[in-house]
There are 2 protein chains.
Amino acid sequence: MRRIAPDRDQLLGIVAEVFREHGYEGASLTLIGEATGLGKGSLYHFFPGGKEEMARAVIAHIDGWFEDNVFVPLRDAVEPLAGIGQMLEATDSYFRSGRRVCLIGAFALDESRALFAGQIGSYFGRWVVHLARALERSGHPPGEASELAEEAVAAIQGALTLARAANDLDVFSRALRRQRMRLGLPAKI
Amino acid sequence: MRRIAPDRDQLLGIVAEVFREHGYEGASLTLIGEATGLGKGSLYHFFPGGKEEMARAVIAHIDGWFEDNVFVPLRDAVEPLAGIGQMLEATDSYFRSGRRVCLIGAFALDESRALFAGQIGSYFGRWVVHLARALERSGHPPGEASELAEEAVAAIQGALTLARAANDLDVFSRALRRQRMRLGLPAKI
DNA sequence: CCGACATTGTACCGATCGGTACAATGAGTC
DNA sequence: GACTCATTGTACCGATCGGTACAATGTCGG
């Protein structure tokens, strides 16, 4: 009987955090081992493909979370603005209001991109496309919807960088608030 | 007589490119040596502090370029909008219309931030502050100017990430065009 | 208890990491 | 030519890198 490690989700979450903090090159197997409490024996048992497979699994795991909590609401919400609101809530929650950085965005920047270009492009591409469609459904003409969507996703990525650089979480909150307004949502209480 | 290597600028530019492509951890001395044509003997002669000093010098070099080509125009242009226009031109030129990534932004994301937090914070902080002041001079109330400035710098960073992720330079051009409009500049010919 | 298989710890591999030591060379001044 | 000092190539250091091998465990169903 195929048995999935009962907490593979948790495991991938921990590994993700190591990649997030140190980047692909900087995340050594030693660091991953310390963070997860697993030795190399276990790590290579779960990820025979080694570090690259770990990273690939982590990206897929994050991708799945966004699919469920961001893309699906954008696509399926009867009221498109409600879906967009859920996207912003989920985004704020996922990035812990700016404490966390976007692993996939970080991978996009350096040469590790070469290994994961497909996954990276798909993640951001779907984010932009689903948001653009929701914006169209909420009344924006297609071209404008695309621009707004691209701008919103880029604004989130940039705000993560800037918040981290300035060591000021408010940078991220302000960026999300501006996007709320720009995308047609009422100011938050 | 103190003699500065005649092309220290060029040297720092090459080293910067290696850090940009591979990140701080990923930029090995071997890669740096190959890119510059210098052996370890030479590298440690010019940078006795090793890799960390190289990175610090590279950041300072970039910072200086932005000081001269971005911050000074923002601060000193008689017509603030002209200064903002120069900022956008210089930015487009520096990042090669999205082909290049922001090394300082990349360093802000992973743990190498711990080493360079001061330089990183200063670079982005000055960018935002100088832009905000130019916006005030061009007629925006202070609070609005700060928000616009922060948004513009974040939009540029985010667009670099997104352009790289999507492997589509137009993402960056579109972001710059939107910022032109948002900051009060006429649409470009 | 037994066999099957999932999981683990440990020892080890060659390669590469950042860094050091130092002698040899280059280029300029006197 | 002799002295100075900047520059370089090479050999080497211990540590760590990602990865492999494998025997020793744990954990099941039967």
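Residue numbers begin at 1 in each chain, while the letters A, B, ... track the order of the sequences.
The salt bridge (Lys or Arg N to Asp or Glu O under 4.0 Å) analysis of residues 130-146 of chain A, with sequence neighbours excluded, yields no pairs. Every pair passing side chain to side chain donor-acceptor pair (under 3.5 Å) that includes a residue from residues 121-130 of chain B is listed here, sequence neighbours excluded: B:Asp63-B:Arg126, B:Glu67-B:Arg126, B:Ser122-B:Arg126. Annotation: salt bridge (Lys or Arg N to Asp or Glu O under 4.0 Å) contacts involving residues 85-95 of chain A, sequence neighbours excluded, comprise A:Glu89-A:Lys188.
Applying the ring-ring contact (aromatic ring centres under 6.0 Å, His included) criterion to B:Phe124, with sequence neighbours excluded, gives no partner residue. Taking the ring-ring contact (aromatic ring centres under 6.0 Å, His included) definition, one finds that A:Phe19 meets it with A:Tyr24, A:Phe107, sequence neighbours left out. A search for salt bridge (charged side-chain N to carboxylate O under 4.0 Å, His left out) contacts involving A:Arg182 returns B:Glu151, not counting sequence neighbours. Every residue meeting the salt bridge (charged side-chain N to carboxylate O under 4.0 Å, His left out) condition with A:Arg100, not counting sequence neighbours, appears here in chain and number order: A:Glu17.
Residues from residues 25-44 of chain B lying near DNA chain C, meaning a heavy-atom separation below 4.0 Å, are B:Ala27, B:Ser28, B:Leu29, B:Thr30, B:Lys40, B:Tyr44 in numerical order. For the segment residues 47-55 of chain A, the set of residues with a heavy atom within less than 4.0 Å of an atom of DNA chain D comprises A:Gly50, A:Lys51, in numerical order.
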Give every donor-acceptor pair under 3.5 Å between a side-chain atom in residues 34-44 of chain A and any protein atom, sequence neighbours left out.
from, atom 1, to, atom 2, distance (Å)
A:Thr36, OG1, A:Ile32, O, 2.8
A:Thr36, OG1, A:Gly33, O, 3.4
A:Thr36, OG1, A:Leu38, N, 3.2

For residues 156-169 of chain A, run the donor-acceptor check on the side chains, cut-off 3.5 Å, and write out each pair with its distance to 0.1 Å, sequence neighbours left out.
from, atom 1, to, atom 2, distance (Å)
A:Thr161, OG1, A:Gln157, O, 3.3
A:Arg164, NE, B:Ala108, O, 3.3
A:Arg164, NE, B:Leu109, O, 3.4
A:Arg164, NH2, B:Leu109, O, 3.4
A:Asp168, OD1, A:Asp170, N, 3.0

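Going from atom CG of A:Asn69 over to atom OG of A:Ser93 covers 7.5 Å, rounded to the nearest 0.5 Å.
For the pair B:His45 and D:dT7, the criterion of a side-chain N or O lying under 4.0 Å from OP1 or OP2 is met.
Taking a pair as Watson-Crick or G-U with both hydrogen-bonding distances under 3.5 Å, the stems of three or more pairs touching DNA chain D are C:1-30 with D:1-30.
One atom, CG of B:Asp7, and another, P of D:dA6, lie 17 Å apart when rounded to the nearest Å.
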